[in-house]
Chemist: 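Here you go, one structure.
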2 protein chains.
Amino acid sequence: MADYDERNHERSCCPIACALDHLGDKWTLLIIRDLLLGKKRYQEFLESPEQIATNILANRLKKLEAAGLLTQQVYQKKPIRYEYVLTAKGEDLRMVLQTLAEWGRTYYPGTKVFTAHV
Amino acid sequence: MADYDERNHERSCCPIACALDHLGDKWTLLIIRDLLLGKKRYQEFLESPEQIATNILANRLKKLEAAGLLTQQVYQKKPIRYEYVLTAKGEDLRMVLQTLAEWGRTYYPGTKVFTAHV
DNA sequence: TAAAGTGACTTGCATTATACAAGCATATGC
DNA sequence: GCATATGCTTGTATAATGCAAGTCACTTTA
């Protein structure tokens, strides 16, 4: 499984660098956003307007679980299917995403925050 | 210059997605961090503990300028040399970085926020 | 005055990640 | 049975990243 390895990256002892080791790409935080908005299932993530590719989604879900940001929960056996739910660590990114969304709204006019459908 | 192009990415009208189009990688936010801490010059960025490669640094500085997050300012002619300073748009990421640093400090114990040396 | 730095990059190349399309396994509905 | 759906995996092409080395225009030191 060369596609997903779990080393300790830790480029430095800076909390921002550590955070970016796990979150620093174009897709990971969008999945967290979806989870914070109440999405739970593979298909729901695929339906987001950014159109993530299936292999990247599968890869990020694994990495997020390995990083302790979410857990899988079985919602059906035969065939086994999972829902993805945020851990406290993942939930605590809500403020980060809110602040980032605020910045984005300010500097990219025309963008709109999606609201939770819960 | 295939290494640095300036299209409008805009994967969606989500402010988070727009923000990540510009900031979503392992290095960009670390450069912003350094700028917020008062660093201004190429060599200073290279000295950060994460050890960014020179080609990536040069590339990111160009992209950040193209994205309107920083500007170059000449501090010496012969040979011409620049300092990099944040625009208001860049400065306004301070809250984002602070929130992210806070999260990182919480979940990656042992990390320490660098403080401005200004 | 020649040699050795220094700062700010650029270039080349190998490795890794991303994107896109297609395929597969295990179901359910008809 | 056969078509359809969900949740992935695989293959392959393109792009990004990482590392080492080189360049260019000066400045400093011997």
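Chain naming here is simple, since letters A, B, ... match the order of the sequence lines and numbering starts at 1 in each. Keep in mind that this is a model prediction, so the values were computed, not measured.
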Chemist: Rounded to the nearest Å, what distance is computed from the CG atom of residue A:Leu30 to the C1' atom of nucleotide C:dT18?
Modeler: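 The answer, rounded to whole Å, is 14 Å.
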Chemist: Could you give the CD1-to-C1' distance, from B:Ile52 to C:dC9, as a whole number of Å?
Modeler: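 Value for this atom pair: 13 Å.
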Chemist: Hey, is A:Glu50 close enough to A:Arg33 for a salt bridge, meaning N to O under 4.0 Å?
Modeler: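 So A:Glu50 pairs with A:Arg33 through a salt bridge.
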Chemist: Check the distance between C:dC9's P and B:Ile31's CD1 and give it to me in whole angstrom.
Modeler: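 Roughly 12 Å, once rounded to whole Å.
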Chemist: At under 4.0 Å between heavy atoms, what does A:Tyr84 touch on the DNA or RNA strands: base, sugar-phosphate, or nothing?
Modeler: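 The answer is sugar-phosphate, as A:Tyr84 gets under 4.0 Å only of primed atoms, P, OP1 or OP2.
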Chemist: If I take atom CG in residue B:Leu20 and atom P in nucleotide C:dT18, what distance separates them, rounded to the nearest angstrom?
Modeler: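 Whole-Å distance recorded here is 13 Å.
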Chemist: Can we say B:Glu102 and B:Arg105 salt-bridge, meaning some charged N sits less than 4.0 Å from an Asp/Glu carboxylate O?
Modeler: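 Answer for the salt bridge query: yes.
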Chemist: From the set C:dA19, D:dG18, D:dT6, return the single nucleotide nearest to any side-chain atom of B:Trp27.
Modeler: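 The closest nucleotide is D:dG18.
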Chemist: So, B:Lys26 and A:Asp21, do they make that salt bridge, N to O below 4.0 Å?
Modeler: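 Salt bridge between B:Lys26 and A:Asp21, a charged N being under 4.0 Å from a carboxylate O: no.
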Chemist: Reckon A:Gln43 has a side-chain N or O less than 4.0 Å from the OP1 or OP2 of D:dA5?
Modeler: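 Checking D:dA5 against A:Gln43, no side-chain N or O comes under 4.0 Å of OP1 or OP2.
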Chemist: Are the charged groups of B:Arg60 and B:Asp25 less than 4.0 angstrom apart, N to O?
Modeler: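 Yes, B:Arg60 and B:Asp25 are salt-bridged.
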Chemist: Using whole Å, report how far CD of A:Glu50 lies from C1' of C:dT18.
Modeler: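 Rounded to whole Å, this separation is 16 Å.
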Chemist: Ignoring hydrogens and angles, are the base of C:dG7 and the side chain of B:Arg81 linked by a donor-acceptor pair under 3.5 Å?
Modeler: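 Answer yes: a donor N or O sits under 3.5 Å from an acceptor.
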Chemist: Return the value, rounded to whole Å, for the distance between atom CD1 of B:Ile56 and atom C1' of C:dA8.
Modeler: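 Result: 16 Å.
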Chemist: Kindly say if A:Lys62 contacts the phosphate of D:dT9, meaning a side-chain N or O under 4.0 Å from OP1 or OP2.
Modeler: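 For D:dT9, OP1 or OP2 has a side-chain N or O of A:Lys62 closer than 4.0 Å.
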Chemist: Quickly work out the A:Gln73 CD to D:dG7 C1' distance and round it to whole Å.
Modeler: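 Atom-to-atom, A:Gln73 to D:dG7, this comes out as 18 Å.
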Chemist: Closest to the A:Asn55 side chain: C:dT10, D:dG7, C:dC20?
Modeler: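 Nucleotide nearest to A:Asn55's side chain: C:dC20.
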Chemist: Taking CD1 from B:Ile80 and C1' from D:dC26, how many angstroms apart are they, rounded to a whole number?
Modeler: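 My rounded result for the distance is 13 Å.
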Chemist: Taking only side-chain N and O atoms of A:Lys26, does any of them lie within less than 4.0 angstrom of OP1 or OP2 on C:dA19?
Modeler: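 For A:Lys26, the contact criterion (side-chain N or O under 4.0 Å from OP1 or OP2 of C:dA19) is met.
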Chemist: Could you say whether B:Pro79 or A:Arg60 is positioned toward the 5' end of DNA chain C, judged by the nucleotide with the nearest heavy atom to each?
Modeler: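 Whichever sits nearer the 5' end wins; that is B:Pro79.
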Chemist: Which of parallel (below 30°), tilted (30 to 60°) and perpendicular (above 60°) describes B:Tyr108 and B:Trp103?
Modeler: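 Perpendicular: the ring planes of B:Tyr108 and B:Trp103 meet at over 60°.
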Chemist: B:Tyr75 side chain N/O closer than 4.0 Å to the phosphate oxygens (OP1, OP2) of C:dA8?
Modeler: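 True: B:Tyr75 side-chain N/O within range (under 4.0 Å) of C:dA8 OP1/OP2.
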Chemist: Which nucleotide in the list C:dT18, C:dG12, C:dC9 gets nearest to the side chain of B:Thr54?
Modeler: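 That would be C:dC9.
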